[in-house]
Amino acid sequence: MDQIVSLSRRRGFVFPSSEIYGGLGSTYDYGHYGVLLKNNIKARWFEAMILERDDIVALDSAVILHPRVWEASGHVEGFSDPLVDCRTCKLRFRADKLEDSQCGRKPSKHPGETPECDLTEPRQFNLMFETTVGPVQEEGSRAYLRPETAQGIFINFKNVLQIARRRPPFGIAQIGKSFRNEITPGNFLFRVREFEQMEMEFFVQPEESERWYRYWIDERLNWYLRYGLRQSRLRVREHGPDERSHYSQGTSDIEYLYPIGWSELEGVANRGDFDLTRHTEFSTTKLEYVGPDGERYVPHVIEPAVSLERIIVAMLVDAYDEEVVGERERTVLRFHPQIAPVSAAILPLIAKSEEMVSKARSLYEDLRKRQSVEYDDNGAIGRRYRRQDEIGTPWAFTIDEQTLSDETVTVRDRDSLAQERLPISGVRSWLDDALEQDWKTPKAD
Ligand code: GAP
């Protein structure tokens with residue numbers, strides 16, 4: 001994890017937030033390549049969940065919803081973790097995760113293990129961030145930053161049913177920020193207080209819910225394989241009955257083998273009719289499906305839910321590689337080409353050659369209309385290649401002496417390091433084809 005954190009910072013993917021003020025624990029800002037990476041992951045999710053399907057529509061609901069939403073959802077009452085304070089070291093821990101925490105005075109021990117540890121009794125701590133709506137803090141002005149995007153979907157169920165004229169099975173998907181005042185955030189982006197969720201609520205006939213639950217576990221697992229995560233580092237773990245959330249009739253985690261061990265990447269839950277029933281009760285608006293022949297029922301909901309942050313950590317860890325090429329060590333991120341922040345680099349071999357620079361610039365200006373490409377004429381060519389390897393750029397096109405005589409360029413492959421020549425006029429379609437093709441992963445399983 002340390003290598004990933006250090007590369008992310010060095011290459012401008014992710015910075016610790018508010019650094020000039022001493023930092024705000026476990027809060028991060030995304031730099032240029034981090035933003036490009038996030039955009040690609042969101043785009044691939046959006047394609048798979050919405051654009052490539054007929055049965056799912058998009059939504060972008062508000063972050064601050066009516067406070068009653070969170071009463072109906074059960075978050076006001078039940079979205080809490082048990083917390084203990086240590087009177088000696090003044091640190092706070094999750095009472096149910098003491099074995100994963102370190103004692104503040106003796107980091108080799110867990111809280112409660114040394115004679116000096118003086119832990120309070122556990123008390124429940126609600127994870128929702130509170131805020132005030134309107135200029136004064138008064139009765140009735142309390143609201144919350146959403147701890148999940150899902151509730152914004154449930155409260156729009158009727159709108160989508162009527163206006164988008166859908167009938168089950170159909171889904172509503174959204175991407176947006178969620179906020180949780182986690183007691184023990186950490187492990188880089190894995191557990192943070194502000195994160196971007198990608199959630200989809202799929203409404204089905206009650207008797208079909210088990211089939212769709214299994215279907216979505218497979219779909220989501222295949223999405224990770226499609227975008228290059230190693231099969232050997234992915235597994236599905238079904239929750240036991242005492243582990244499930246209050247709303248769940250069945251939950252499976254898609255787990256990834258992170259450097260901290262097997263941990264939840266994405267959750268797929270069968271939420272039954274809990275949410276629509278509760279919002280019907282609390283809002284008094286009937287949330288049900290009424291068919292053309294008068295049949296009526298409350299659909300059951302299957303929910304795949306993940307955060308970009310957990311995907312980013314998994315993709316960085318999976319892509320990270322170090323190897324020796326010739327005499328030199330290189331660090332390379334073997335991202336799937338459709339995930340890589342930059343698809344191709346355009347490099348004039350000699351920055352002082354006006355002809356090479358002008359050809360490289362015009363190729364770059366042509367390609368950047370459609371792809372995320374980068375022009376770089378700074379430093380020795382070997383150093384420029386290594387820079388691109390470290391941000392995971394799959395291909396580099398180099399304009400050299402020969403280009404000036406025969407209008408060809410070399411293309412260098414990030415993984416095999418093979419180089420081939422192709423006409424400069426064919427680069428655009430070569431790159432389009434390369435991005436379209438099925439990716440053969442260079443990673444060992
Ligand atoms: N709507 C259901 C729901 O939010 P969850 O298991 O609490 O369920 C869903 O969260 C996903 O959101 C998780 O599988 C994980 O990918 C992500 N997630 C949850 N808490 C997170 C945190 N503090 N930091 C980063 N990602 C988080």
Side-chain angles (χ1 to χ4, degrees), residues 1 14 17 25-28 30 38 41-42 45 59 61 63 65 69-70 72-75 78-81 94 97 100 125-129 144-155 171-202 213 216-217 220-221 223-224 229 234-239 243-256 258 260 262-272 274-276 278-279 301-316:
M1 195 70 109
V14 179
S17 184
S26 297
T27 309
Y28 294 91
Y30 288 85
K38 270 220 279 193
I41 297 172
K42 285 194 267 191
W45 186 88
L59 180 78
S61 69
V63 167
L65 304 176
V69 169
W70 306 109
S73 68
H75 283 83
F79 191 55
S80 51
D81 282 335
R94 263 178 70 167
K97 294 261 160 116
D100 297 340
F125 171 78
N126 195 295
L127 301 186
M128 283 196 294
F129 278 103
Y144 304 97
L145 303 189
R146 67 179 173 199
E148 62 172 16
T149 58
Q151 299 303 323
I153 296 180
F154 297 128
I155 60 174
I172 307 176
Q174 83 165 317
I175 302 178
K177 288 259 181 162
S178 293
F179 304 84
R180 295 183 190 180
N181 200 359
E182 298 280 1
I183 300 169
T184 45
N187 291 314
F188 190 36
L189 301 169
F190 184 83
R191 190 177 306 285
V192 279
R193 295 196 171 102
E194 176 181 338
F195 51 99
E196 210 163 345
Q197 278 191 316
M198 306 201 288
E199 296 197 286
M200 194 276 293
E201 309 301 323
F202 202 70
Y213 170 57
W216 278 109
I217 295 170
R220 295 303 304 146
L221 187 62
W223 186 85
Y224 291 107
L229 291 192
L234 284 165
R235 72 177 187 194
V236 175
R237 190 182 67 80
E238 187 129 23
H239 286 204
E243 206 187 338
R244 286 186 209 140
S245 310
H246 55 283
Y247 52 74
S248 165
Q249 299 193 352
T251 298
S252 290
D253 288 345
I254 298 177
E255 294 190 330
Y256 181 76
Y258 290 97
I260 51 170
W262 286 103
S263 309
E264 176 182 351
L265 165 61
E266 168 157 356
V268 182
N270 178 349
R271 300 180 68 116
F274 176 85
D275 304 278
L276 294 183
R278 291 278 289 193
H279 285 301
V301 173
I302 311 301
E303 172 196 72
V306 66
S307 71
L308 266 160
E309 282 70 10
R310 297 246 172 128
I311 300 181
I312 288 172
V313 180
M315 287 195 166
L316 281 169

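Predicted, not measured: the structure shown is a model, and the values here were computed from it. Whatever order the structure lists ligands and atoms in, that order sets their numbers, starting from 1. Each residue takes its place number in the sequence, starting with 1.
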*Is there a nitrogen or oxygen of Ser307 sitting under 3.5 Å from a nitrogen or oxygen of ligand 1?*
yes
*asked:* Within the structure, is a non-hydrogen atom of Arg271 found at a distance of less than 4.0 Å from ligand 1?
replied: yes
*Quick one: look at Glu182 and ligand 1, take heavy-atom pairs under 4.0 Å, and tell me if it's side chain, backbone, both or neither.*
side chain
*With atoms numbered from 1 as shown, which atoms in ligand 1 lie under 4.0 angstrom from a non-hydrogen atom of Phe190?*
24 (N), 25 (C), 26 (N)
*Under the side-chain contact (heavy atoms from CB on, under 4.5 Å) criterion, do Gln174 and Glu199 qualify, and how do the steps go?*
CA-CA 6 Å; Gln174 83 165 317; Glu199 296 197 286; 5.6 Å; no
*Record the part of Glu266 in heavy-atom contact with ligand 1 below 4.0 Å; permitted values are side chain, backbone, both and neither.*
backbone
*Between the side chains of Gln197 and Ser178, is a donor N or O closer than 3.5 angstrom to an acceptor N or O?*
yes
*asked:* Show the atoms of ligand 1 that are less than 4.0 angstrom away from any heavy atom in Leu265.
replied: 14 (O), 15 (C), 16 (O)
*Tell me, which protein residue and heavy-atom name are nearest atom 7 (O) of ligand 1, and how many Å apart are they?*
Arg180 NH1, 2.8 Å
_Heavy atoms only, cut-off 4.0 Å: how does Asp253 contact ligand 1, side chain, backbone, both, or neither?_
neither
_Rounded at 0.5 Å granularity, tell me how far CZ in Arg191 sits from CD in Glu264._
8.0 Å
*So do Arg180 and Leu145 actually touch side chain to side chain, heavy atoms under 4.5 Å?*
no
*Taking the six-membered ring of Trp262 (Phe, Tyr or Trp), confirm whether the NZ or CZ of Arg237 is under 6.0 Å from its centre and within 45° of its axis.*
no
*Looking only at protein heavy atoms, which one is nearest to atom 15 (C) of ligand 1, and how far off is it?*
Arg310 NH1, 3.6 Å
_I need the atoms of ligand 1 closer than 4.0 Å to a non-hydrogen atom of Gly267, numbered in the order shown._
14 (O)
*Could you pull out, from Glu148, Gln197, Glu201, Met198, the option with a heavy atom nearest to atom 10 (O) of ligand 1?*
Gln197
*asked:* Using a 3.5 Å cut-off on N or O atoms only, is Val192 in polar contact with ligand 1?
replied: yes
*Close-contact set for ligand 1 against Glu199 heavy atoms, below 4.0 Å*: 1 (N), 2 (C), 3 (C), 4 (O)
*How many angstroms lie between CZ in Phe190 and OG in Ser307, if you round to the nearest 0.5 Å?*
8.0 Å
*What residue and heavy atom of the protein are closest to atom 18 (N) of ligand 1, and at what distance?*
Phe195 CE1, 3.7 Å
*Dump the intermediate steps for side chain to side chain donor-acceptor pair (under 3.5 Å) on Glu266 and Tyr224, then the final yes or no.*
CA-CA 10 Å; Glu266 168 157 356; Tyr224 291 107; 2.5 Å; yes
*Consider every N or O of Ala150 and every N or O of ligand 1, then say whether any pair is closer than 3.5 Å.*
no
*Quick one: do Met200 and Ile302 satisfy side-chain contact (heavy atoms from CB on, under 4.5 Å)? Show the steps, please.*
CA-CA 8 Å; Met200 194 276 293; Ile302 311 301; over 6 Å; no
*Could you tell me whether Glu194 and Lys177 make a salt bridge, using a distance below 4.0 angstrom between a side-chain N and a carboxylate O?*
yes
*Side chains of Ile311 and Trp223: closer than 4.5 Å at any heavy-atom pair?*
yes
*Can you list the atoms of ligand 1 that are under 4.0 Å from a heavy atom of Glu303?*
1 (N), 2 (C)
*asked:* So if I count the atoms of ligand 1 from 1 in the order they appear, which ones are less than 4.0 Å from some heavy atom of Glu264?
replied: 6 (O), 13 (C), 14 (O)
_Main-chain N/O of Met128 paired to Asn126 side chain as donor or acceptor, under 3.5 Å_ = yes
*Which of the atoms of ligand 1 are close to Ala305, meaning less than 4.0 Å from one of its heavy atoms?*
9 (C), 11 (C), 14 (O)
